Amino acid sequence: MAEECREGVSRHDELYESQSPQCQYCPGDSDDELTWISGQVDTGPQSSNGTKGPCRVIVHFDMDCFYAQVEMIRNPALRTVPLGVQQKYIIVTCNYVARELGVRKMMLVTDAMEKCPQLVLVSGEDLSPYREISYRVTGLLEMFFPLVERLGLDENFVDITELVESRLKQQMKLSDISINGHIYNQQPLDVTVQNHCRLAMGSHIAAEIRAAIHSQLGLTGCAGIASNKLLAKLVSGTFKPNQQTTLLPESTVPLLASLRGLHTLPGIGYRTACRLETLGLQSVEDLQRFPLANLEKELGATVARRVHSLSLGIDPSSVTPRGPPQSLSNEDSFRKVSTEAEVRQKVEELIIILLDRMYKDGRTPRTFRLTIRRFPRPVNKWFSRESRQCPVPGFLGQKICSGVDDAVGPLVKLAMKLFHRMVDTSLPFRLTLLSVCFTNLQSSCTKGSIQAFFVHESPGKQKDTPSQGVLLGSTGSSRRSAGGTPQLEPLDSSSECERATSAPPFGVDPSVFQELPADIQRELLSSIPGQSGSVTPSAPEPGVVTALRIPSFERLLQPSSVELHPGREWDADSCGEIGSPACDVPPNVDPQVFTELPLDLQKELLSEWKHETSPLKTQPPARRGRTLVSRGSKSATTSGSQTNNLLKYFKPS
DNA sequence: GCGCGATAG
DNA sequence: TCTTCTATCGCGC
C-alpha cells in the first residue's frame, strides 16, 4: 500500500501539473475551515461541471488472523482452543478464542501465557505454509478478476469496476439493489444515486469473493468496499471478523474522523507521523486543515501532497497486479552470534532453505545480499540493519536454477565475503540477525516458468498472466444460478490452454467444467470414483456441493497426525455477520446464493438446518458432506464458487 | 547498481 | 520496546 501510494503520487503529481487549478486532487491553498474540508474530502470523482461521475469500485479483502487460520486448517482440533502463533518470543497472531482471553497480536509469549495459561502455541517461524496459502488466495481471485494486488500475505485489493458495470447493465430494476453486509455509519442507500448503485453491486460481488475463498480454501476474512484503495482498506476492518462493510461516499468524512492518530492512515508510517507531530499535527483532521504550502516546506512536495491527499480520503493509486515476488529472502534472529564460525553456520542454514525456494521459483537470481543487525544497536539509529550485496556469478546462477546442491558452498563463500565487508572480525562483535536475499530475478532459465510460483508442485501447469479478459459473468445464461443470481465466473484462460472434453463429474456445472483448464479438469475427474480411485465420494448428499480440487492444497495442509478438514467448522466463533444469512447458513452454502432465494424458501431452509443442528451448533447436517471427500493424500476437495450455484442441492426433495 | 530509509502486514 | 520474517519502492550517490 505504501509503495502504491508513492507510485500513485507520481501520477498524482502529473495531475497537479497538467490540470491545475481545477484538478480534483488539487485543493490549492486555503484558509481552511471545516466546510472547506468536507468539500475537499473524496466523496467521489467530480466531473468538470461539479456533478458526480461514476466511481471505481475497489474491494479490500483481509483474512482474519491469517497465520492462525492456516494452523487451524492444518489441525482442526486447534479451532476450539486458544491458539497463538509464535515467532521467537512474540505471539505474531492468535485466533479469536485467544483474543477473548486477552491475548493480542505482537504480545510477548511470557505476557500471553500469563494472561492465558492454557494458550496453545505453534511455531510460525517458517513462513512457507502461509506463503503457499496466501498465493492460492491471490490465484483464486485472479481466476475471476484481472486486477488483483497483494498487500502482505493476508490482504488483497481487487478492482471490480468492470464487473460492477456489466452487472448493472443487466440489472433490470435498479430499485431492487441492496447492500450485502454492513454500510458504514448506517448511511441509508439511495438507489437514485449512481455511485450508491455501483458500490451496492460491489458489495454483492465482495460477498461472492468471500464465499469463494471460504468454499475453496476454507478461509474467512473481512472485506471493505469503497471508491479507492485507501478507503476500502480503512473501512474493511469496521466489523470483524468475517464481515464486510461498504463505504458510501457521503460517509467518508466520518470515517476519516474516526481514525485515531495520523499513523492510522495507510501510507503514513511512524517516521512521517513523528515529523507531522513536530508541526503540531496529531489527528487526521489536523492534517486536513493544515495548509498544503506549509506542509510542502516541511516534508517536500512529494510527501506533503501524498499525505495531504490521504488525509482527505483521496488515493489515486490503482490496483496493480505485481506478479511473482521481486526478491526472495530468508532470515533468522537470535540473541547472540559472535564468532565467524557461528556466522558461517547460520548463513549456510539460511542459504539452503533459500536455495530450495529459489529453485522452485524457477528464475535465476542476479544479485545476492547479506544483511546483519548488530547489538547493541547503533546510537541514533532506530532501525539498524546493514547490508552488502554483489552480483551472482553466471555459473552460480546456473547451478541455483538447475537445482544442484553444490551451489551452497560458493554462496556461503560469497556471503562470508560480504560479511567481512561489514564486520571487522579482529574486533568483538555481536549479531542478532542474519538475512540472505536473492534479488534481480531473471526468468531466463529453460525451466523457466516464473508463473510456476503459484503452482510449485505442478510445474506443467502454468498460470496465465492476468489479462484484461472478458469476465464470463456477463456472458452465458447457462452460467447463472437457478435463482438468476449473477455468480462469479472464472476469467477465460488463454487460448493456448488445452481443454479436456470429458463430461464433468457429478455435481459440477458442465458449462463451468468446460471453462476449466484441461489439467484442472483432469484433476477433477481423477477425484471421482472410477477415475483414479483416490477418493470415494458417492453422489453428493443433498446439501452437499461437490468441489474442485485445488492442486496440492491438501498435501500442503496435511499435518502429520491429524485428519484434514478443508473447511472451517460451522460454529459461532467462526461465523460472521450476526443477523445476516452468512451467519446462519452452513459453510458449504454460498450466503450470496442463499440471500437471493425467495424469503419463504430461506426461512424453510433455515428452519430445517436449525432442526438438524445440535444445540451446540457445531454440526450442521451439510457438514457430513465435507467428511465424504478427501481423506487420502491426494484428494482435497472443496466446494467451489463455480459449483455453488447448484441450488437444487440446497433443498432435499 | 548499491546501500539505506520508510512503509507495510 | 519498535519485537518477527518478510516484501516493496524511492532517494542519493
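As the structure is a prediction and not an experimental result, all values here were calculated from the model. In what follows, chains carry the letters A, B, and so on, assigned in the order in which the sequence lines appear, proteins first and then strands, with residues in each chain numbered from 1.
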Are A:Lys105 and B:dG9 close enough that a side-chain N or O sits under 4.0 Å from OP1 or OP2? no
Measure from CZ on A:Arg335 to P on C:dT1 and round the result to the nearest Å. 17 Å
Take atom CZ of A:Arg150 and atom P of B:dT7, then tell me their distance rounded to the nearest Å. 22 Å
Tell me what A:Arg377 touches on the nucleic acid: a base, only sugar-phosphate, or nothing, going by heavy atoms under 4.0 Å. sugar-phosphate
pair A:Leu299-A:Leu276: side-chain heavy atoms closer than 4.5 Å: yes
Atom-to-atom span, CE of A:Met107 to P of C:dT1 - whole angstrom: 16 Å
Does A:Gln326 place a side-chain N or O at less than 4.0 Å from the phosphate oxygens OP1/OP2 of C:dC9? yes
Quickly work out the A:Phe368 CZ to B:dG3 C1' distance and round it to whole Å. 16 Å
Selection from B:dG9, B:dG3, C:dT8 that lies nearest to any side-chain heavy atom of A:Asp154: B:dG9
Could you work out which one of B:dA6, B:dG9, C:dC2 sits closest to the side chain of A:Tyr270? C:dC2
Would you indicate which nucleotide in B:dG3, C:dC2, B:dG9 comes nearest to any side-chain atom of A:Ser387? B:dG3
Would one find a side-chain N or O of A:Arg366 under 4.0 angstrom from OP1 or OP2 of B:dG1? no
Rounded to the Å, how far apart are A:His263 NE2 and B:dA6 P? 17 Å
Nearest whole angstrom, please: distance from the P of C:dT3 to the CD of A:Gln86. 17 Å
Starting at CG of A:Leu151 and ending at P of C:dC9, how long is that distance when rounded to a whole Å? 12 Å
Under 3.5 Å, is there a donor-acceptor pair between the side chain of A:Asn95 and the main chain of A:Val81? yes
Just by distance, with hydrogens left out, do A:His308 and A:Glu296 show a side-chain donor and acceptor under 3.5 Å apart? no
Whole-Å gap separating P (B:dA6) and CG (A:Leu262): 17 Å
Determine the interatomic distance between C1' on B:dG3 and the same-named atom on C:dT4; round to the nearest Å. 23 Å
How is A:Leu370 classified with respect to the nucleic acid when contacts are heavy atoms under 4.0 Å: base, sugar-phosphate, or nothing? nothing
Is any side-chain heavy atom of A:Ser318 less than 4.5 Å from a side-chain heavy atom of A:Asp159? no
Taking N or O atoms only and anything under 3.5 Å, show me the protein contacts with nucleotides 4-6 of chain C, one pair per line.
unit_1: C:dT4; atom_1: OP1; unit_2: A:Ser333; atom_2: OG; d: 3.3
unit_1: C:dT4; atom_1: OP2; unit_2: A:Arg373; atom_2: NH1; d: 3.0
unit_1: C:dT4; atom_1: OP2; unit_2: A:Arg373; atom_2: NH2; d: 3.4
unit_1: C:dT4; atom_1: O2; unit_2: A:Gln87; atom_2: OE1; d: 2.8
unit_1: C:dC5; atom_1: OP1; unit_2: A:Lys88; atom_2: NZ; d: 2.7
unit_1: C:dC5; atom_1: OP2; unit_2: A:Ser333; atom_2: N; d: 3.2
unit_1: C:dC5; atom_1: OP2; unit_2: A:Ser333; atom_2: OG; d: 2.8
unit_1: C:dT6; atom_1: OP2; unit_2: A:Asn330; atom_2: OD1; d: 2.8
unit_1: C:dT6; atom_1: OP2; unit_2: A:Glu331; atom_2: N; d: 3.0
unit_1: C:dT6; atom_1: OP2; unit_2: A:Glu331; atom_2: O; d: 3.3

Would a 4.5 Å heavy-atom cut-off, applied to side chains only, mark A:Phe66 and A:Glu155 as touching? no
Test item: side-chain donor near acceptor, A:Ser128 and A:Arg357, under 3.5 Å: no
Polar side chain donor-acceptor pair, A:Tyr130 to A:Glu71, under 3.5 angstrom: yes
Would you check if A:Leu247 and A:Ile225 make a side-chain contact, meaning some heavy-atom pair closer than 4.5 Å? no
Mapping A:Leu108 and A:Arg369 onto DNA chain C by nearest heavy atom, which one lands closer to the 5' end? A:Leu108
